[in-house]
Amino acid sequence: MPELPEVETVRRGLAPILVGHRFAAVEQRRKDLRFPLPAHFAKRLEGRGIEALDRRAKYLLARLDDGEVLVMHLGMSGRFKVDHANGAESAPGSFAQKAAEAPKHEHIVFHLDDGSAVRYTDARRFGYMDLIPADSLDTHPLFIGLGVEPLSKDFTPAWLAGKLKGKKTSIKAALFDQRLIAGLGNIYVCEALFRARISPFRSAGTIATKTGKATAKTIALVAGIKAVLEQAIEAGGSSLRDHARTDGTLGRFQHRFKVYGRTGKPCSRKGCGGTVARAVQNGRSSFYCPTCQR
DNA sequence: AAGAACTCCTGTTGGC
DNA sequence: TGCCAACAGGAGTTCT
């Protein structure tokens, strides 16, 4: 489910609940998600204060007051929901409380010291959580190979051209690769390629010159990636099935897709006249306009 | 060693 | 209407 804009939306929703507060109790309902949860997970969190909530790629990083970092990844179907202290859901005798059993896929509940709760639900269980010392984050296997943050100043046409030089794989697969650019997924790769008028099948190396210099295509692609991510964050991300903001409301960016999920619909580019197509690439759907994306 | 295929898991959907 | 293969926003591991 969640790509960079969805994770950033979740981060912004959780930050005011978590930062400056303490975990009073943690309910852990399974021993694993995608991977085993760390030993004594709940115990190690209880009593800890949260000093900051950051994002790196599609990871959320809660920095704790004992020098450890709670690392959280939402996988495909992970979702956080906040119950505010004294909110409707936590009111005594409320309907929610009467339904005593936990929802089927609610795996972890973080109770905060002010009575609020953060509930993690993940039907497919592709998400994961870990506790890692802050000073070993940079050398941890999960993070060591991660590529550039696409919204950072480091992500420029010159940088991208240098990386794509000589790459034989498709530009779609290259943008999907977290070791190159960290945070893009299927939706925003498709949308960015449409904006840059680049075919997802084009060999990645052809976006740059042979010597790794930026071209008009490189410039358009970097601009397209940054623009689509910024607009999606602004809209609270894209809600297809699972993503919702931490207050339960849906993101809105799905209404602004130009190609994703729009197979058979007319291309929205003025004067193009093409029809959006779908093709499977590396096992994932690519949506694109064969007429104006070259 | 790059690149593609397979894998984990459950829920939904679209085509017959 | 009902059934079931295909597919879903990810990414580590295993192949070729």
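Each chain gets a letter, A, B and so on, in the order the sequences are listed, and its residues count up from 1.
Contact annotation: A:K104 does not reach the phosphate of B:dT10 (side-chain N/O to OP1 or OP2, under 4.0 Å). Between A:Y128 and C:dG12 there is a side-chain polar atom (N or O) within less than 4.0 angstrom of OP1 or OP2. Between C:dG10 and A:H73, no contact under 4.0 Å exists linking OP1 or OP2 to a side-chain N or O. Taking side-chain N and O atoms only, A:K167 has no distance below 4.0 Å to OP1 or OP2 of B:dA2.
With a cut-off of 3.5 Å on both pairing distances, the Watson-Crick and G-U wobble pairs of DNA chain B assemble into stems of 3 or more at B:2-8 with C:10-16, B:10-16 with C:2-8.
The nucleotide whose nearest atom lies closest to any side-chain atom of A:R278 is, among B:dG11, C:dG10, C:dA8, C:dA8. In this structure, of C:dA11, C:dA8, B:dC9, it is C:dA8 that holds the atom nearest to the side chain of A:M76. For A:T169, the side-chain atoms get nearest to B:dA4 when compared with the rest of B:dA4, B:dC9, C:dA8. Residue A:Q178 places its side chain closer to C:dA11 than to any other of B:dC9, B:dG3, C:dA11. Of the listed nucleotides (C:dA8, C:dG12, B:dG3), C:dA8 has the atom at the smallest distance from the side chain of A:S285. Checking B:dG3, C:dG10, B:dA4 against the side-chain heavy atoms of A:K168 singles out B:dG3 as nearest. The nucleotide whose nearest atom lies closest to any side-chain atom of A:Y260 is, among C:dA8, B:dG3, B:dT10, C:dA8. The side chain of A:H105 has B:dT10 as its nearest neighbour among B:dT10, C:dG12, C:dG10.
Panel note: side chain A:E191, backbone A:V259; a donor-acceptor pair is recorded below 3.5 Å. Put simply, the side chain of A:R11 never gets that close to the backbone of A:G13: no donor and acceptor are under 3.5 Å apart.
Whole-Å rounding puts the A:E3 CD to C:dA11 P distance at 9 Å. The NE2 atom of A:H107 sits 17 Å away from the P atom of B:dC8 (whole-angstrom rounding). One atom, CG of A:L240, and another, P of C:dC7, lie 17 Å apart when rounded to the nearest Å. The nearest whole Å value for the distance from the NZ atom in A:K163 to the P atom in B:dG3 is 13 Å. The CG atom of A:D122 sits 13 Å away from the P atom of C:dA11 (whole-angstrom rounding). For A:L142 and C:dG12, the CG to C1' distance is 10 Å, given to the nearest whole Å.
Each of A:R179 and A:R34 lies near DNA chain B, and the nucleotide nearest A:R179 is the one positioned closer to the 5' end.
A:F176 comes within contact range of the sugar-phosphate backbone alone, with a heavy-atom separation under 4.0 Å but no base atom that close. At the heavy-atom level, A:G185 lies under 4.0 Å from the strands shown only through sugar-phosphate atoms. Among the atoms of the strands shown, none is found under 4.0 Å from any heavy atom of A:F257. Nucleic acid contact class of A:R125 (heavy atoms, under 4.0 Å, all strands): sugar-phosphate only.
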For this session: Show the numbers, then the answer: is there a side-chain hydrogen bond (donor to acceptor under 3.5 Å, both in side chains) between A:Q281 and A:S286?
Result: CA-CA 6 Å; A:Q281 244 183 318; A:S286 286; 2.5 Å; yes

For this session: Check the pair A:S199 / A:R294 against side-chain hydrogen bond (donor to acceptor under 3.5 Å, both in side chains), numbers first and verdict last.
Result: CA-CA 5 Å; A:S199 164; A:R294 315 305 301 205; over 6 Å; no

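To the nearest whole angstrom, the two P atoms, one in B:dC6 and one in C:dC7, are 14 Å apart. Rounded to the nearest Å, the gap between the C1' atom of C:dG12 and that of B:dG11 is 23 Å.
The ring of A:F126 does not lie on top of the base of C:dA11; it is either too far (5.5 Å or more) or too tilted (30° or more).
Taking the ring centroids of A:Y188 and A:Y260, they lie at or beyond the 6.0 Å cut-off.
Each ring-ring contact (aromatic ring centres under 6.0 Å, His included) pair with one or both residues in residues 204-231 of chain A, not counting sequence neighbours, would appear here, but there are none.
Looking at A:R124, its side chain comes within 3.5 Å of the base of B:dC9 through a donor and an acceptor atom. Scanning atom types as modelled, no donor and acceptor separated by under 3.5 angstrom connect the side chain of A:R284 and the base of C:dA8.
Using a 4.0 Å cut-off between charged nitrogen and carboxylate oxygen, A:D122 and A:R124 do not count as a salt-bridge pair.
Side-chain atoms of A:Y128 and A:Y59 include a donor-acceptor pair closer than 3.5 Å.
At a threshold of 4.5 Å between non-hydrogen side-chain atoms, the residues A:I17 and A:T246 do not count as touching.
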